[in-house]
Amino acid sequence: MTTILVTGASGQLGSEIRERSVRFSGYNFVFTDVNELDITDARAAASYITELSPSWIINCAAYTAVDRAEDEEDRATLINGSAVGNIVSALEGSDCRLIHISTDYVFDGNSPVPYSENDTPSPASAYGRSKLAGEKAAMCRPQTMIIRTSWLYSSYGSNFVKTILGKAGSSQTLSVVFDQVGSPTYAADLASALLEIISGIIQNRLNFIPGIFNYSNEGVCSWYDIANEIVMTAGSECKVIPVRSSAWPSKVKRPAYSVLDKARIKENYSLTIPHWRTSLNNCISKINRT
Ligand code: NDP
């Protein structure tokens with residue numbers, strides 16, 4: 001039976017993969033987080049991975065505290081960069097395929113058009129630099145797909161959607177930035193896409209294509225647009241006020257524009273990706289049900 005190892009499985013994306021994995025019978029999914037498999041521990045990672053001998057690894061483990069990374073770049077680089085090298089080293093000599101998750105933050109956000117996989121990364125933040133180091137480590141292995149995604153949210157974990165939803169009920173106004181433009185990604189959609197791609201490849205319906213792929217929901221918006229949609233969906237009277245990023249002083253230079261061009265993944269894997277509004281509403285409905 002094909003073994004699929006998911007690291008960082010208690011996070012947003014890992015939890016969505018776990019939830020959806022029950023629909024993919026016939027595969028042996030193994031979900032680990034830092035307590036079972038700390039990817040920064042090279043020796044432990046090597047012994048765990050060698051013993052398990054997975055056919056696929058989806059690496060969702062990451063340091064995702066973007067603001068804190070400015071003060072903890074070494075730690076961010078250890079988890080997002082060097083630890084990816086540990087996974088790659090542990091796989092030496094095996095046929096295992098690695099799917100590594102990366103981010104729009106590898107770009108500085110100065111592009112006037114959506115970023116393609118071939119654009120040269122130029123991260124403007126410690127988090128972005130650490131994730132780029134991870135991409136480089138992952139690419140040392142030829143059997144690697146890197147999926148760059150952006151503005152991930154889920155009914156699991158903490159994120160912008162849940163924060164705004166929580167505040168919409170109790171605040172009269174909310175100030176939200178309108179000058180950062182991108183595409184949100186419902187982690188449930190990305191999880192489904194990953195599992196469809198993997199099962200399609202295992203069943204020889206799809207080809208394994210190494211390299212970088214972009215994935216986000218369809219459409220383009222600002223954080224202000226997302227907040228407005230959440231408040232409207234919640235039926236709240238709260239007024240969302242558009243403000244510039246400079247209204248929220250931060251050490252992090254966030255990309256002003258980080259739209260990812262998804263043509264490569266859509267064409268090669270015949271994916272139909274939902275629009276961000278549809279997926280946002282699906283996520284909010286799920287949060288309200290739980
Ligand atoms: P989360 O932060 O929700 O999950 C990451 C998981 O990795 C957490 O459970 C975390 O544990 C765990 N982890 C941390 N350190 C280690 C370690 N040393 N060994 C094993 N596990 C560890 O991330 P997301 O699900 O949101 O993100 C998934 C991927 O998508 C990541 O690669 C991220 O960089 C990328 N991404 C995320 C975006 C976002 O907006 N969140 C946007 C674009 C890309 P703990 O919580 O205890 O630290």
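For ligands, and for the atoms within them, numbers begin at 1 and follow the listed sequence. Index from 1, following the sequence. As the structure is a computational prediction, the values presented were derived from the model and not from experiment.
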Measure the distance from [atom] to every protein heavy atom, then report the residue, atom name and distance (to 0.1 Å) of the closest one.
{"atom": "atom 43 (C) of ligand 1", "value": "Thr149 O, 3.2 Å"}
{"atom": "atom 10 (C) of ligand 1", "value": "Asp33 OD1, 3.8 Å"}
{"atom": "atom 5 (C) of ligand 1", "value": "Cys60 O, 3.6 Å"}
{"atom": "atom 31 (C) of ligand 1", "value": "Ala62 CB, 3.4 Å"}
{"atom": "atom 6 (C) of ligand 1", "value": "Gly8 O, 3.6 Å"}
{"atom": "atom 18 (N) of ligand 1", "value": "Asp38 OD1, 2.8 Å"}
{"atom": "atom 39 (C) of ligand 1", "value": "Leu152 CB, 3.4 Å"}
{"atom": "atom 26 (O) of ligand 1", "value": "Gln12 NE2, 2.9 Å"}

Run the numbers for me: atoms of ligand 1, each under 4.0 Å from some heavy atom of [X], listed by number.
{"X": "Lys131", "result": "31 (C), 32 (O), 33 (C), 34 (O)"}
{"X": "Ile101", "result": "29 (C), 30 (O), 32 (O), 35 (C)"}
{"X": "Gly11", "result": "1 (P), 3 (O), 4 (O), 9 (O), 25 (O)"}
{"X": "Ile79", "result": "15 (N)"}
{"X": "Leu37", "result": "19 (N), 20 (C)"}

Have a look at [options] and point out the one with the heavy atom closest to [atom].
{"atom": "atom 37 (C) of ligand 1", "options": "Tyr156, Tyr63, Tyr105, Tyr127", "result": "Tyr127"}
{"atom": "atom 44 (C) of ligand 1", "options": "Ser216, Ser102, Ser154, Ser258", "result": "Ser102"}
{"atom": "atom 23 (O) of ligand 1", "options": "Thr64, Asn80, Thr40, Val66", "result": "Thr64"}

Problem - Cluster check Leu152, Leu195: I/L/V/M/F/W/Y, side chain < 4.5 angstrom - result: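 The answer is yes; both residues are in one hydrophobic cluster.
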Tell me which donor-acceptor pairs under 3.5 Å the side chains of residues 163-176 have, and how far apart each pair is, sequence neighbours excluded?
residue: Thr163; atom: OG1; partner: Asn159; partner atom: O; Å: 2.9
residue: Ser171; atom: OG; partner: Lys167; partner atom: O; Å: 3.0

Residues [X] and [Y] bridged, charged N to O under 4.0 Å:
{"X": "Asp108", "Y": "Lys253", "result": "no"}
{"X": "Lys286", "Y": "Glu19", "result": "yes"}
{"X": "Glu135", "Y": "Arg148", "result": "yes"}
{"X": "Arg254", "Y": "Asp104", "result": "no"}
{"X": "Arg20", "Y": "Glu196", "result": "no"}

Handout entry: CA sep, side-chain torsions, deciding dist, call: Asn282, Ser279, side chain to side chain donor-acceptor pair (under 3.5 Å)
Key = CA-CA 5 Å; Asn282 287 342; Ser279 291; 4.9 Å; no
Exercise for the section: For atom 34 (O) of ligand 1, state whether the nearest protein heavy atom is under 4.0 Å away. Expected result: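 Flag for atom 34 (O) of ligand 1 set to true, protein heavy atom closer than 4.0 Å.
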Exercise for the section: Might you check, step by step, whether the distance between atom 46 (O) of ligand 1 and some protein heavy atom is under 4.0 Å? Expected result: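 Neighbour list for atom 46 (O) of ligand 1 is empty of protein heavy atoms (cut-off 4.0 Å).
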Exercise for the section: Please identify each residue that fulfils side chain to side chain contact (heavy atoms under 4.5 Å, CB included) with Ala61, with sequence neighbours left out. Expected result: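 Thr7, Ile39, Asn59.
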Practice task
Please indicate whether any nitrogen or oxygen in Leu13 is less than 3.5 Å from any nitrogen or oxygen in ligand 1.
Solution key: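 Yes; the residue has a nitrogen or oxygen that sits under 3.5 Å from a nitrogen or oxygen of the ligand.
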Exercise for the section: Could you see which bit of Val34 sits under 4.0 Å from ligand 1, with heavy atoms only: side chain, backbone, both or neither? Expected result: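 Within the 4.0 Å criterion, Val34 contacts ligand 1 through backbone and side-chain atoms alike.
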Practice task
Give a yes/no verdict on whether any heavy atom in Gly157 is under 4.0 Å from an atom of ligand 1.
Solution key: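 The answer is no: ligand 1 sits nowhere under 4.0 Å from a heavy atom of Gly157.
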Handout entry: Ring geometry between Phe29 and Phe31 (parallel below 30°, tilted from 30 to 60°, perpendicular above 60°)
Key =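 Geometry flag for Phe29 against Phe31: parallel rings.
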Practice task
Flag yes if more than 12 heavy atoms outside Lys136 fall under 6.0 Å of its NZ atom; otherwise flag no.
Solution key: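 Not buried by this count: 12 neighbours or fewer within 6.0 Å.
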Exercise for the section: Quick one: closest heavy-atom pair of Tyr127 and Val66, and the distance? Expected result: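 In terms of heavy atoms, the two residues are closest at CD2-CG2, 3.7 Å.
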Handout entry: Thr77-Asp74 side chain donor-acceptor pair, cut-off 3.5 Å
Key =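 On atom types as modelled, these side chains do not qualify, holding no pair under 3.5 Å.
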